[in-house]
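Proteins come first, then strands; the chains are lettered A, B, ... in the order of their sequence lines, and each starts at number 1. These numbers come from a predicted model, not from an experiment.
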Protein chains: 2
Amino acid sequence: MGMTKGPYTCGIDAAIDVVGGKWKVLILWALHERTRRFGELRRELPGVSEKVLIQQLRELEADEIVHREVYREVPPRVEYSLTDFGASLNDALRPLGAWGREHMARIVRIRATAGDVPEEAERVSRR
Amino acid sequence: MGMTKGPYTCGIDAAIDVVGGKWKVLILWALHERTRRFGELRRELPGVSEKVLIQQLRELEADEIVHREVYREVPPRVEYSLTDFGASLNDALRPLGAWGREHMARIVRIRATAGDVPEEAERVSRR
DNA sequence: GTGCGTACTGACCTACAGGTCAGTACGGGC
DNA sequence: GCCCGTACTGACCTGTAGGTCAGTACGCAC
């Protein structure tokens with residue numbers, strides 16, 4: 001995804017570099033309500049593979065967004081939670097989530113209507 | 001990028017589907033201040049290829065985020081601007097941009113320090 | 001000693017976003 | 001007749017994010 005990009009051109013660039021993985025925002029969303037075990041997270045994100053889930057959790061941990069707590073038991077137990085830093089990121093994402101929720105219907109409608117591409121002649125404005 | 005994903009799991013998912021291209025947020029950012037010609041945009045986004053820039057502009061146009069105005073002159077002139085819908089998306093992105101700008105130094109520092117991966121033993125908490 | 005549940009790890013593969021580069025249409029200037 | 005600048009288009013290639021799947025360590029229960 002991102003990771004080790006050169007100096008960012010703007011703040012959004014930097015944020016996307018941190019949260020740009022396929023499942024990362026969903027992970028943040030899931031951890032927002034409460035601490036979760038690895039297996040819980042996997043069940044929470046239908047379609048994610050174990051490999052990628054761990055991978056993205058590790059990256060988020062490296063970025064100090066999530067905290068990983070290992071309990072040396074058998075069978076093993078690992079709990080993931082948001083750090084304060086992660087919580088602040090989640091807050092910053094909230095307006096975007098609200099926008100998406102608010103306009104989801106419109107987006108879906110546009111997507112469904114796609115293919116009705118107007119001819120170039122019609123797209124052009126006469127001067 | 002996104003395009004025609006199934007029903008979204010949450011609002012952020014939907015928003016990312018719209019704005020998830022490599023250059024799309026930068027395009028929004030550039031158009032936020034003022035209308036731009038195609039060539040201006042290309043110069044504004046160092047590293048973008050013409051093909052991809054056009055592609056992403058077309059997708060944003062299809063999503064009613066940007067407006068494309070063609071002036072039938074020679075040489076051709078095409079101006080891109082934000083729609084009201086696009087402006088609202090830009091507003092929703094602002095907190096994320098602020099977060100990134102605010103914590104950019106930290107992110108860069110973390111990235112630079114990466115490789116100092118603590119041993120598993122040290123990462124584990126004794127109970 | 002066989003099988004269980006958990007949280008991983010690693011080799012392998014694939015799809016596709018995005019990059020490269022050459023080509024097109026248009027009229028104006030020389 | 002030829003080249004210029006602009007805004008594209010399309011064939012081709014590549015890097016890599018992410019998916020599949022098989023394997024591991026660990027103690028406990030039976």
Side-chain angles (χ1 to χ4, degrees), chain A residues 1-5 13 16-27 35-62 66-81 117 119-121 123-127, chain B residues 1-5 13 16-27 35-61 66 68-81 117 119-121 123-127:
Chain A
M1 59 233 43
M3 298 276 115
T4 323
K5 276 212 310 198
D13 242 28
I16 288 181
D17 199 33
V18 170
V19 86
K22 182 170 179 186
W23 304 96
K24 287 187 179 178
V25 293
L26 297 178
I27 292 171
T35 290
R36 308 252 185 184
R37 300 185 55 172
F38 176 77
E40 284 182 283
L41 276 176
R42 179 160 41 83
R43 268 169 262 124
E44 198 76 7
L45 311 181
V48 73
S49 67
E50 292 193 351
K51 190 199 101 182
V52 171
L53 178 54
I54 289 175
Q55 201 172 282
Q56 310 219 340
L57 281 168
R58 288 286 151 83
E59 289 171 4
L60 289 172
E61 190 196 0
V66 312
H67 173 70
R68 178 172 176 268
E69 189 80 25
V70 178
Y71 299 90
R72 297 236 140 172
E73 304 169 352
V74 169
R77 182 160 63 100
V78 179
E79 288 187 350
Y80 293 92
S81 56
V117 185
E119 302 292 316
E120 169 71 10
R123 302 172 65 222
V124 165
S125 64
R126 323 278 160 182
R127 48 174 334 218
Chain B
M1 63 236 44
M3 298 273 116
T4 325
K5 276 210 314 199
D13 242 28
I16 288 180
D17 200 33
V18 170
V19 87
K22 182 170 179 185
W23 304 96
K24 288 187 179 178
V25 294
L26 297 178
I27 291 171
T35 290
R36 308 253 185 185
R37 300 186 55 174
F38 176 77
E40 284 183 283
L41 277 176
R42 179 160 41 85
R43 266 169 264 125
E44 199 75 7
L45 312 181
V48 72
S49 67
E50 292 194 350
K51 191 199 99 183
V52 172
L53 178 55
I54 288 174
Q55 201 172 283
Q56 309 219 341
L57 282 168
R58 287 287 150 81
E59 288 170 4
L60 289 172
E61 189 195 2
V66 313
R68 177 172 176 269
E69 189 80 23
V70 178
Y71 299 90
R72 297 235 139 174
E73 305 169 352
V74 169
R77 180 160 64 100
V78 179
E79 289 189 349
Y80 293 91
S81 55
V117 185
E119 301 293 315
E120 169 73 10
R123 303 172 63 223
V124 165
S125 63
R126 322 278 159 185
R127 52 171 333 212

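Within the 4.0 Å cut-off from OP1 or OP2 of D:dA7, at least one side-chain nitrogen or oxygen of B:Arg37 is found. Look at B:Gln56 and you won't find any side-chain N or O under 4.0 angstrom from OP1 or OP2 of C:dA17.
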Review item, nucleotides 27-30 of chain C N/O atoms under 3.5 Å of protein N/O:
none

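The rotation axes computed at either terminus of the helix from C:dG1-D:dC30 to C:dC30-D:dG1 lie 30° apart, taking five pairs at each end and rounding to 10 degrees.
Taken to the nearest 0.5 Å, the CG atom of A:Leu41 stands 6.5 Å off from the CD1 atom of A:Ile27. Considering OG of B:Ser49 and CZ of B:Arg42, their distance stands at 10.5 Å, rounded to 0.5 Å. With rounding to the nearest 0.5 angstrom, the NZ atom of A:Lys51 is 10.5 Å from the CD atom of A:Gln56. Interatomic distance, CG of A:Asp13 versus NZ of B:Lys22, reported as 10.0 Å (0.5 Å rounding).
Checking C:dC8, C:dG18, C:dT6 against every side-chain atom of A:Tyr80, the shortest atom distance belongs to C:dC8. Of all nucleotides listed (D:dC26, C:dG19, D:dA7), C:dG19 comes nearest to the side chain of B:Lys22. Checking C:dG18, C:dC8, D:dC26 against every side-chain atom of A:Pro76, the shortest atom distance belongs to D:dC26.
The side-chain contact (heavy atoms from CB on, under 4.5 Å) search around A:Val74 returns none, not counting sequence neighbours. Residues forming a side-chain contact (heavy atoms from CB on, under 4.5 Å) with B:Ile54 (at least two apart in sequence, or on another chain): B:Phe38, B:Arg58. Take A:Glu40 and apply the side-chain contact (heavy atoms from CB on, under 4.5 Å) test, not counting sequence neighbours, and it matches A:Arg34, A:Arg36, A:Arg37, A:Arg43.
B:Gln55 has its CD atom 13 Å from the P atom of C:dC16, to the nearest Å. Going from atom CD1 of B:Ile16 over to atom C1' of D:dA17 covers 15 Å, rounded to whole Å. What separates CD of A:Glu59 from P of D:dA17 is a distance of 8 Å, to the nearest Å. To the nearest angstrom, P of D:dA7 lies 9 Å from CD of B:Glu79. Atoms CG (B:Leu57) and P (D:dC8) sit 8 Å apart, rounded to a whole Å. Remark: P of D:dC28 and CD of A:Glu73 are 12 Å apart, rounded to the nearest angstrom. Atom CZ of A:Arg72 is separated from atom P of C:dA7 by 14 Å (rounded to the nearest Å). Following rounding to the nearest Å, B:Arg58 (CZ) and D:dA7 (P) show an atom-to-atom distance of 12 Å.
Nearest heavy atoms, B:Val18 versus B:Leu60: O-CD2, 4.0 Å. Taking each heavy atom of A:Val70 and A:Val78 in turn, the nearest pair found is CG2-CG2, 4.3 Å.
For DNA chain C, the residues of residues 38-54 of chain A within the heavy-atom distance limit of 4.0 Å (strictly under) are A:Phe38, A:Gly39, A:Glu50, A:Lys51, A:Ile54, sorted by number.
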Show the numbers, then the answer: is there a side chain to side chain contact (heavy atoms under 4.5 Å, CB included) between B:Val48 and B:Leu26?
CA-CA 11 Å; B:Val48 72; B:Leu26 297 178; over 6 Å; no
